[in-house]
Number of protein chains: 2
Amino acid sequence: MLTIGQLARYVGVSTKTVRVYHAKGLLPEPGRDASGYRRYPAQAVVDLLRIRTLADAGVPLARIRDLTPANLGTELKQIDADLATRIKQLRAIRARLRELAGGELRFLPAEVDDHLDGLPALGFSARWIAMERDLWIILYATQPDLADTFFRDQTQSLTDPALRDLYLASDQAHDLDPTDPELEALADRIVAASIERYGTEPPGMSSTDPTIHQLLQGAVNDSSPAWQRLDTMIRGRLGRHGVTGV
Amino acid sequence: MLTIGQLARYVGVSTKTVRVYHAKGLLPEPGRDASGYRRYPAQAVVDLLRIRTLADAGVPLARIRDLTPANLGTELKQIDADLATRIKQLRAIRARLRELAGGELRFLPAEVDDHLDGLPALGFSARWIAMERDLWIILYATQPDLADTFFRDQTQSLTDPALRDLYLASDQAHDLDPTDPELEALADRIVAASIERYGTEPPGMSSTDPTIHQLLQGAVNDSSPAWQRLDTMIRGRLGRHGVTGV
DNA sequence: CTGCAACCTTGCCCTTAGGACAAGGTCAAC
DNA sequence: GTTGACCTTGTCCTAAGGGCAAGGTTGCAG
């Protein structure tokens, strides 16, 4: 008959751990000897090893407690599957860690930084560039592949003088009064150009989660009442979809 | 500029998590808008993703907070190494889980059960058999290979009539008075047989952790004052080592 | 205009699986 | 007989949030 300390050392846990398992009903309280010490049969070693194996696998104690011979088989299958996905996750995290170690502090691909660096020469305001930079950061941080698609489209758009002027006009519209009729005209031109370039759907939007688009749009609208008005008008003309200008 | 909910959804965490990171100093508190809402720059998305990557790797938040560009390199190397060992552990646990699923409820190898089943016919008491069974369970649960060595030795011992009589005499000694001179004589016979069979060291003991032996011995001694006395005498004659009878 | 749903704010308590420590009783060894 | 290593119960503490309450905001719909 073992004392609690002996039992614990056998299995490689602390005595507190054993007492916790008693309190939670995982391990039956054994009898006491004359001086009130717990005395364990050898079976307790087996029980405790079983509990530790499951606990090490990440199974919550409450779930271990509720295991019965009846549900054991299916539960174990589930636990094993969870463990397999956990291992896969950890491997993915390791890969991400290495990126973090390698490309320290560079959140945007070099081409994007180059693109942003070239914008002042084209006549874009510092405010516009800062906002566009933020949008690229969010997009690349959360959806790198989609961001790449957008980015290629964007750089290509800027080679067309008509489209470039449209972007510049949007930039300048930031400080217009929201009721300025200029905005109406600008919205018309943007819608026409958008339809000509993409059809009735902005690029990439139909195939992806709409919330990200809404978030981007919200961030843009926040910075200027005129832009917000512009967005409202464009959405009215294109039917339910906004255009971020990116 | 993002609200806390937008930021959280981008990165896939709860708003509470973001607030906790503020409280713990991992993420700087951003400015507030007119109504007191937190407003985040895009940079916060990048910061938060970095924190989550590390947290997902199992790094405690306090340690993430204390990362500086100076110690980042070495820390990341350490974290990656920890992650690698963690993955290895999980794979080992998976293997143990499968054992648990396969050999449900059988804690002793079939030969050991057979051996125990044969003991009553040889004249061993139920008490002795129960005790021996417990010892095998503990030994197999914690040190299967050592247990196998011992077991093979034990079954072989029982084929020798002289040794078998010695075990039977030990069994019966359980109820003797601790001062009975019989014990003295029995101790002498056990020591002689032990030295003849193993030399001055009990088998396997010299090469292994002594604590396991002491625990086994303690468990045996507890059940009878006579056995305890017997153990003391044997240890005196063999010099510091006990004999478990197994 | 008013209501409602979906946000945001702070503050508080709850959870898991134990660790740490206190104050007292026990055991074995020198 | 005292010392050190055990055991007992009870209490508080931890990490990383979850959940809820009570109140203020915002945006959209009728």
Side-chain angles (χ1 to χ4, degrees), chain A residues 1-9 11-27 29-40 48 51-52 54-66 211 214-215 217-218 221-222 225 228-229 231-232 235-236 240, chain B residues 1-9 11-27 29-40 48 51-52 54-66 211 214-215 217-219 221-222 225 228-229 231-232 235-236 240 242:
Chain A
M1 299 294 266
L2 311 165
T3 68
I4 194 170
Q6 293 173 317
L7 172 64
R9 256 166 308 190
V11 180
V13 300
S14 71
T15 60
K16 171 66 176 243
T17 297
V18 176
R19 279 191 275 258
V20 166
Y21 291 171
H22 289 320
K24 305 213 170 177
L26 282 120
L27 196 62
E29 274 276 3
R32 308 294 180 115
D33 67 12
S35 54
Y37 290 12
R38 292 178 180 83
R39 289 297 178 155
Y40 296 87
L48 193 47
I51 294 171
R52 284 310 311 176
L54 291 163
D56 287 341
V59 182
L61 299 190
R63 194 164 156 212
I64 296 177
R65 183 195 49 210
D66 296 338
T211 63
Q214 285 162 16
L215 287 173
Q217 193 63 52
N221 289 351
D222 271 352
Q228 186 173 347
R229 175 100 182 86
D231 176 51
T232 305
R235 268 158 59 188
R240 298 293 61 177
Chain B
M1 299 295 268
L2 312 165
T3 67
I4 194 170
Q6 293 174 317
L7 171 64
R9 255 165 308 190
V11 181
V13 300
S14 71
T15 61
K16 172 67 175 246
T17 297
V18 176
R19 278 191 275 259
V20 166
Y21 292 171
H22 290 319
K24 304 211 170 179
L26 282 119
L27 196 64
E29 275 274 4
R32 309 292 181 116
D33 67 12
S35 56
Y37 290 11
R38 292 179 181 82
R39 288 298 178 156
Y40 295 88
L48 193 46
I51 294 171
R52 284 311 310 175
L54 291 164
D56 287 342
V59 182
L61 299 191
R63 194 165 156 209
I64 297 177
R65 183 196 48 211
D66 295 338
T211 64
Q214 284 161 17
L215 288 173
Q217 193 64 51
N221 289 350
D222 270 352
Q228 185 173 347
R229 174 99 181 85
D231 176 51
T232 305
R235 268 159 57 188
R240 302 291 60 181

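In what follows, every chain begins at residue 1, and chains take the letters A, B, ... in the order their sequences are listed.
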Original post:
In Å, rounded to the nearest 0.5 Å, how long is the span from CZ of B:Arg9 to CG of B:Leu7?
Top reply: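 It comes to 10.0 Å.
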
**OP:** Working to the nearest 0.5 Å, report the span between OH of A:Tyr37 and CZ of A:Arg32.
**Re:** 11.5 Å

Could you state the [atom1]-[atom2] distance from [X] to [N], rounded to the nearest angstrom?
| X | N | atom1 | atom2 | result |
| --- | --- | --- | --- | --- |
| A:Ile51 | C:dG18 | CD1 | C1' | 15 Å |
| A:Ile4 | C:dG18 | CD1 | C1' | 13 Å |
| B:His22 | C:dC8 | NE2 | P | 12 Å |
| B:Leu7 | C:dC7 | CG | C1' | 15 Å |
| B:Arg9 | C:dC8 | CZ | C1' | 12 Å |
| A:Arg65 | C:dT16 | CZ | C1' | 13 Å |
| B:Tyr40 | C:dT9 | OH | C1' | 12 Å |

Original post:
Does A:Pro30 reach the side chain of A:His22, with side-chain heavy atoms less than 4.5 Å apart?
Top reply: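 With C-beta onward as the side chain, the pair touches.
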
Can you list, pair by pair, the side-chain donor-acceptor contacts under 3.5 Å of residues 59-66 of chain B, counting residues two or more places apart and other chains?
{"unit_1": "B:Arg63", "atom_1": "NE", "unit_2": "B:Glu75", "atom_2": "OE1", "d": "3.0"}
{"unit_1": "B:Arg63", "atom_1": "NH2", "unit_2": "B:Glu75", "atom_2": "OE1", "d": "2.8"}

**OP:** Could I get the full list of side-chain hydrogen bond (donor to acceptor under 3.5 Å, both in side chains) partners for A:Arg38, not counting sequence neighbours?
**Re:** A:Glu29

Subject >> Residues forming a side-chain hydrogen bond (donor to acceptor under 3.5 Å, both in side chains) with B:Tyr21, sequence neighbours excluded >> reply: B:Arg52

Give a yes/no on whether any side-chain N or O of [X] is located under 4.0 angstrom from OP1 or OP2 of [N].
| X | N | result |
| --- | --- | --- |
| A:Arg19 | C:dG18 | no |
| A:Thr3 | D:dC6 | no |
| B:Arg32 | D:dT25 | no |
| B:Arg38 | C:dT10 | yes |

**OP:** Can you see which heavy atom on A:Leu27 is nearest to which on A:Ile51, and at what distance?
**Re:** CD1-CD1, 4.1 Å

Original post:
Which heavy-atom pair separates B:Val18 from B:Ala8 by the least distance, and what is that distance?
Top reply: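 Taking B:Val18 first and B:Ala8 second, the nearest heavy atoms are CG2-CB, 4.2 Å.
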
**OP:** Could you go through the side-chain contact (heavy atoms from CB on, under 4.5 Å) check for B:Arg39 and B:Leu2 one step at a time?
**Re:** CA-CA 5 Å; B:Arg39 288 298 178 156; B:Leu2 312 165; over 6 Å; no

Which atom pairs link the protein and nucleotides 23-25 of chain C when you take only N or O atoms and keep those under 3.5 Å?
{"unit_1": "C:dG25", "atom_1": "N2", "unit_2": "A:Tyr37", "atom_2": "OH", "d": "2.8"}

Original post:
When every nucleotide of nucleotides 10-21 of chain D is labelled 5' to 3' by its protein contacts under 4.0 Å (heavy atoms), B for base, S for sugar-phosphate only, - for none, what sequence of letters results?
Top reply: -B----BBBB--

